[in-house]
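Below: the structure, in structure tokens.
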Number of protein chains: 2
Amino acid sequence: MHGAEPLTLERFLPYRLNVLATTVSNALARIYAERFGITIPQWRIVATLGQFETRTARDIAAHAVMHKSTVSRAVASLAGRGIVERRPNADDMREELLALTPKGRGIYEAVAPEALAFERAVFTGLSPDERETLFGLIDRLDARMRSLAPDLDPADASEVSR
Amino acid sequence: MHGAEPLTLERFLPYRLNVLATTVSNALARIYAERFGITIPQWRIVATLGQFETRTARDIAAHAVMHKSTVSRAVASLAGRGIVERRPNADDMREELLALTPKGRGIYEAVAPEALAFERAVFTGLSPDERETLFGLIDRLDARMRSLAPDLDPADASEVSR
DNA sequence: AGAAATCGGTTGCTGGTGCAACCATTATGC
DNA sequence: GCATAATGGTTGCACCAGCAACCGATTTCT
């Protein structure tokens, strides 16, 4: 370590990651919004319930890595629009079981292929090997971040970490 | 294309990218905020001016990929705190030339090593080759996004795209 | 030269998001 | 068994970001 490397933004991982993630997100959010009137948090909930049938809000927050208040509001909106159904759990009245309504499932089945098509479009130019490599690197960086700063993982919507 | 692949969130690039970028950003933002009292947009401006001496707000927006209103407010704050200096450009009175004050440069020189140290910490476990591969993939995906959805690049703070 | 379009930058407004406080319910400790 | 803590979820609040309207300065078109 002598003259300290210059730190150019273009070679700075957090910055590059953010720009790319934002651009991808915005492009995708446009599809959700224009075609289906749902936001990204709402989409994450629909996707999770599409995949798992029935989950609680807490499960969804953990799985889709969102703050519990974000989930709460997104669920409220989806429930109000008849996309998600809330059922009480007789065994534990604190929590609610969430599931897609038929209408919700319809949306999921319409959005999912579009989302995947979008992903394929983004991946054009990358070989299958390169895609695997990319996911592998993301996995490892993700794991690294969880060990570096475990407390700020939005997934654990608990106050324990505070 | 038959049964349509399942679409699991964990294998969905936009989602994975966003989670990783958010975690990395938050961890880094904590350093900026706690140690130096600056936000991410403010940091991007300081970093850009640290790298280039003198730029206009428009240049910074393009280079650091931020909306012009974000830049405007961040610059206002930095100028108010004596970190950035604004000088009129006699050749074009619309724009202002921005530069770090000595105090600003001091902050840059204190933050930059910390930011780089953080990056190194995140990269622990990745070989230099893998880092290169990662940046290469990000570059290509970035380029791909610009051609897929050129209008939503926050960099071109112009209204042309509207 | 004059009208109209463009450009750099600022600002009011709105929507979204995280935090923290809170509510009701369930688990724990003595 | 009862007080206390913890948990799932909701909500008020404050902050931040983007959009769009706007302002003054400059360029373009005729």
Side-chain angles (χ1 to χ4, degrees), chain A residues 18-19 22-23 25-26 29-30 32-33 37-45 55-62 64-80 84 86-98 151-162, chain B residues 18 22-23 25-26 29-30 32-33 37-45 55-80 84 86-98 151-162:
Chain A
N18 237 308
V19 170
T22 302
T23 314
S25 266
N26 287 346
R30 194 156 53 176
Y32 301 153
I38 59 179
T39 65
I40 286 183
Q42 288 171 8
W43 156 245
R44 286 192 186 176
I45 289 169
R55 293 284 114 136
T56 67
R58 195 197 179 294
D59 294 336
I60 294 176
V65 190
M66 295 187 290
H67 195 270
K68 64 178 183 172
S69 63
T70 305
V71 173
S72 172
R73 284 188 259 253
V75 167
S77 165
L78 292 172
V84 155
R86 339 167 80 131
R87 271 179 322 161
N89 175 7
D91 291 351
D92 186 340
M93 294 303 285
R94 286 173 303 186
E95 65 185 25
E96 279 180 323
L97 300 176
L98 303 172
D151 57 313
L152 48 63
D153 192 341
D156 66 341
S158 70
E159 282 69 23
V160 176
S161 55
R162 275 265 97 253
Chain B
N18 238 307
T22 302
T23 314
S25 267
N26 286 347
R30 195 155 54 175
Y32 300 153
I38 60 179
T39 65
I40 287 184
Q42 288 171 8
W43 156 245
R44 288 192 184 176
I45 289 169
R55 293 284 113 137
T56 67
R58 195 194 178 295
D59 294 336
I60 295 176
H63 181 251
V65 189
M66 295 187 290
H67 194 271
K68 64 179 182 169
S69 64
T70 305
V71 173
S72 172
R73 283 189 257 254
V75 166
S77 165
L78 292 172
V84 155
R86 338 167 81 129
R87 271 179 324 160
N89 176 6
D91 290 352
D92 186 340
M93 293 305 284
R94 285 173 303 186
E95 65 185 26
E96 279 180 321
L97 300 176
L98 304 171
D151 57 313
L152 48 64
D153 192 342
D156 66 341
S158 71
E159 282 70 22
V160 176
S161 54
R162 275 263 96 254

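Values reported hereafter were calculated over all heavy atoms of this structure, with side chains retained and with hydrogens, waters and symmetry mates removed. Note that the structure is a prediction, hence the values are computed from the model and not measured. Residue numbers start from 1 in every chain, and the chains themselves are labelled A, B, ... in the order their sequence lines are given, proteins ahead of strands.
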N/O donor-acceptor pair under 3.5 Å between A/T23 side chain and A/V19 backbone | yes
The salt bridge (charged side-chain N to carboxylate O under 4.0 Å, His left out) partners of A/E96 (sequence neighbours excluded) come to A/R86
d(CZ, B/R30; P, C/dG18) in whole Å = 15 Å
Check side chain to side chain contact (heavy atoms under 4.5 Å, CB included) between B/D92 and all other residues, then give those that pass, not counting sequence neighbours.
-> B/N89, B/R94, B/E95
Roughly how many Å is it from CE in B/M66 to C1' in C/dG8, rounded to a whole number?
-> 15 Å
Measure all distances between protein nitrogen or oxygen atoms and nitrogen or oxygen atoms of nucleotides 26-29 of chain D, and list the pairs falling under 3.5 Å.
unit_1, atom_1, unit_2, atom_2, d
D/dT26, OP1, B/M93, N, 2.7

Sorted by chain and number, sequence neighbours left out, side chain to side chain contact (heavy atoms under 4.5 Å, CB included) with B/R55 holds for B/L49, B/F52, B/D59, B/I60
Separation of D/dG8 atom C1' from A/L97 atom CG, nearest Å, is 12 Å
Heavy atoms, side chains only, cut-off 4.5 Å: are B/L98 and B/T56 in contact?
-> no
To the nearest Å, how far apart are B/E95 CD and C/dT6 C1'?
-> 14 Å
Scoring nucleotides 10-17 of chain D by protein non-hydrogen atoms under 4.0 Å (B base, S sugar-phosphate only, - none) yields BBB----S
Identify each atom pair where a protein N or O and an N or O of nucleotides 2-5 of chain D are less than 3.5 Å apart, giving names and distance.
none

Inter-residue atom distance B/I45.CD1 - B/I40.CD1, 0.5 Å rounding | 12.5 Å
Indicate the atoms forming the closest heavy-atom contact of B/Q42 with B/G37, along with that distance.
-> OE1-O, 4.0 Å
Between CZ of B/R58 and P of D/dG24 the distance, given in whole Å, is 22 Å
A/Q42 CD - C/dG15 P separation (whole Å) = 14 Å
Separation of B/N18 CG from A/R44 CZ (nearest 0.5 Å) | 5.5 Å
